[in-house]
Colleague: 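Take a look at the following structure, please.
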Amino acid sequence: MDSAGTGGSPHSLSSPGAPTPSASSSAAEASFGNPLAPAPAASRLRAAFLKGRPALITYVMAGYPDRATSLEALRAAARGGADVIELGVPYGDPLADGPVIAEAAAVARAGEGGFGLIHAIQVAEAFIRDPGVDHAPPVVAMTYMNPVMRLGLKETAGRMRAAGIAGVIIPDMPPEAAAPWRQVSQGIDTVFLTAPTSTPDRLAIVTAASSAFIYCVSAVGTTGERESLAAGLSDQVERIRLHTDLPVAVGFGVSTAAQAAQVAAIADGVIVGSAIVKRQADPREVETFVRGLAAAMRG
Amino acid sequence: MSDVLLPSADMAYSTPDAQGFYGPYGGTFVPETVIPALQELATSYQEAIEDVTFLEEFISLLRDYVGRPSPLYRADRLAEASGLGAVYLKREDLNHTGAHKINNTIGQCLLARRMGKKRVIAETGAGQHGVATATTAALLGLECSVFMGVEDIRRQALNVYKMRLLGAEVVPVADGQGTLADAVTAALRHWVERVEDTFYVIGSALGPHPYPQMVRYFQSVIGSEILGQMEEKRIAHADAVVACIGGGSNAIGTFYPFLRDVPAEDRPLLIGAEAAGLGLDTDRHGAALTKGTPGILHGFYSYLLQDDEGNPLEAYSISAGLDYPGVGPEHSYLKDEGLVRYETVTDAEALEAFALLTRVEGIIPAIESSHALALLPRLAAELGPDATVVVTVSGRGDKDMDIVREAGLGG
Ligand SMILES: Cc1ncc(COP(=O)(O)O)c(C=O)c1O
């Protein structure tokens, strides 16, 4: 009953276990035994954090309000100065997202008689081929697990590689469940999320699993604009740094240029989502807004 | 009156594994924010069920507050009308609050209190789990909010009123279709926001690990009692044991002791009844096991009604408790392993079974439970006129009066 095609079941998720030193040293077995695989050698995502200043990561919902406009919004974000593009895949039960992104996803899904993961990858590909700037910023796809399972893990990874997508963020795929994805996603960075509730043990697991950068969820709750940044955010970032040398990018609730500047002072990357999606129907507004964020961060 | 049977610790039938997998199904597919809380819950649950004081309090509340054990009633006129030798009804409808749901809410709310949480939340479809949670929260002095889809609020107005009387806040969920799946999503999202001070009382054997295992444990009192009562009543053998499947909690509570304690060669046929709604050839049903494909929803991997892009589809049933697009992960495993058979029952068949039990036995069942009862004539055809069948009547039908009246029953 494997309707998920090549994706198969997450059966092997049930025993990711700890790395076993006594296991055979063959490459295949080593990667099976250790889900905490290293970053792709020449990570384009990692490079976006090596500009000597904090990176600006802008979230755009694929297909919202329609395919063409979302592609224009990506180009607008690139022109405005985004260092990384996070491309949202519309999904029907987005547990980690607040109302702005959830509603944009619902609008996007209704387009083209069902707009989903395959279509989002196509939008990424079109952008990467013709970004409207000299160098396309790397694209990281943000999707939930079930669209990936439905298309198939291997099929998804193949299509993403072919499209030039540099990485993925899958908020409902914890590191312990990532082994099957690891096995098929060579060349694609997998970025994991820490939460304010993460214990030191969890931080060790999440940071060891993540490649390219660490996504620090700044607030308990779902995505969406917030009046002020979470108290203790810089402590939270410092706690993550105890476990990793990877850059730490902060997201969830960063929505103004002033907040972006505040976060840039303590983290290696600033992730802005709902505040951009809210403006996405008018790509010119996206460009102006992103330019303002970049200026504030770099000013 | 016999004592409530203590559910014994997991033995031979040994699901789930340490990560909460039942074969390939189950697991934990949720944002990091709630993972520490789930791990804490798994540890606290394990400690609680190994603590005699906790178990004694659970069992004494089941006995003195819920009214357990619920009778195993021999329904002769129903057997005759169905063409079977004997039919035994496991009367969960006689529990305080009118359904099996309270077995689970007492277990989980005691655990919440033990963990020092002062506030519980729940989702509800038919309102039975919401009422059970609100009741238990009142009993234990916990603050309570219940998430309920706006369509279900319309269908189950009486239960909404009851919850408010009991002191619970009812939070209307207008997203999606306004039914059970939307309420689960809203409750999960809320939990992500308030995870530090709030305990989420999930109402069925679903959700991320350890919920399916925990709900199974608290509901296993149903099947354990059936086994004990069969012995007491010298019922040497049952040919089939039947329960309805929404998320699957009354069914797993009924089946699990049979899977764990009865050798395969002596085990009755175990049959779950899913909602076929307006028919399996329409898109208006709730038959995840029969018509779905494996996928992830609400934090676990299981059979699921989903579209080509992996979005959950809307489920439908005349009964608000069965219109869920997924199903508890253990049922997916039991289906694949062939350990339980799953059949489907349409709205019309369920209404017919509802009317029959009401008229020949004077017992008004919940429409959910009527789906299990609707299998009786089929079982008579399959097993013959001497067969003995046990049916779990998961709840009573008081809450369904408006719906059956709308459907034209009773004129
Ligand atoms: C009376 C009754 N039976 C059955 C169900 C279905 O739930 P489950 O499959 O978890 O037993 C419900 C759910 O609300 C219910 O109220």
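Proteins come first, then strands; the chains are lettered A, B, ... in the order of their sequence lines, and each starts at number 1.
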Colleague: Between R202(A) (side chain only) and I35(B) (backbone N and O only), is there a donor and an acceptor less than 3.5 Å apart?
Modeller: no
Colleague: Can you tell me how far CE of M145(A) sits from OH of Y301(B), rounded to the nearest 0.5 angstrom?
Modeller: 9.5 Å
Colleague: Passes side chain to side chain contact (heavy atoms under 4.5 Å, CB included), V30(B) versus D172(A)? Steps please.
Modeller: CA-CA 4 Å; V30(B) 291; D172(A) 59 345; 5.6 Å; no
Colleague: Take R150(A) and Q306(B), measure what side chain to side chain contact (heavy atoms under 4.5 Å, CB included) needs, and give me the verdict at the end.
Modeller: CA-CA 9 Å; R150(A) 186 71 174 148; Q306(B) 57 180 327; 3.5 Å; yes
Colleague: Would you say N146(A)'s side chain and G295(B)'s backbone share a donor-acceptor pair under 3.5 angstrom?
Modeller: no
Colleague: Taking all atoms of both residues into account, what is the closest heavy-atom pair of A96(A) and P31(B), and its distance?
Modeller: CB-CG, 4.1 Å
Colleague: Roughly how far, to the nearest 0.5 Å, is CD of Q39(B) from CG of D201(A)?
Modeller: 8.5 Å
Colleague: To the nearest 0.5 Å, what is the distance between CG on D93(A) and CG on D182(B)?
Modeller: 8.5 Å
Colleague: Measure the shortest side-chain to side-chain distance between N311(B) and R109(A) over non-hydrogen atoms and say whether it is less than 4.5 angstrom.
Modeller: yes
Colleague: Flag the pair P196(A) / E196(B) as yes when at least one side-chain heavy-atom distance between them is below 4.5 Å, and no otherwise.
Modeller: no
Colleague: Just to be sure I understand the criterion: a residue of residues 97-105 of chain A counts if one of its heavy atoms is under 4.5 Å from a heavy atom of chain B. Which ones qualify?
Modeller: D97(A), G98(A), A102(A)
Colleague: Answer with side chain, backbone, both or neither: which region of D308(B) has an atom nearer than 4.5 Å to a non-hydrogen atom of chain A?
Modeller: both
Colleague: Counting heavy-atom pairs under 4.5 Å to chain B, which of P90(A), P174(A), A106(A) comes out on top?
Modeller: P174(A)
Colleague: Please report the closest heavy-atom contact between V192(B) and V220(A), naming both atoms and the distance.
Modeller: O-CG1, 2.9 Å
Colleague: Heavy-atom cut-off 4.5 Å, strictly under: side chain, backbone, both or neither for P171(A) against chain B?
Modeller: backbone
Colleague: Nearest 0.5 angstrom please: F29(B) CZ to I170(A) CD1, how far?
Modeller: 10.5 Å
Colleague: Is any side-chain heavy atom of P312(B) less than 4.5 Å from a side-chain heavy atom of Y91(A)?
Modeller: yes
Colleague: Looking only at heavy atoms and a cut-off of under 4.5 Å, which of E32(B), E309(B), H190(B), R194(B) has the most pairs with chain A?
Modeller: E32(B)
Colleague: Quick one: does any side-chain atom of T197(A) pair with a main-chain N or O of T33(B) as donor and acceptor, under 3.5 Å?
Modeller: yes
Colleague: Side chain, backbone, both or neither: which part of V89(A) has an atom under 4.5 Å from a heavy atom of chain B?
Modeller: neither
Colleague: With a 4.5 Å cut-off on heavy-atom pairs, point out which of L95(A), V217(A), I118(A) contacts chain B the most.
Modeller: L95(A)
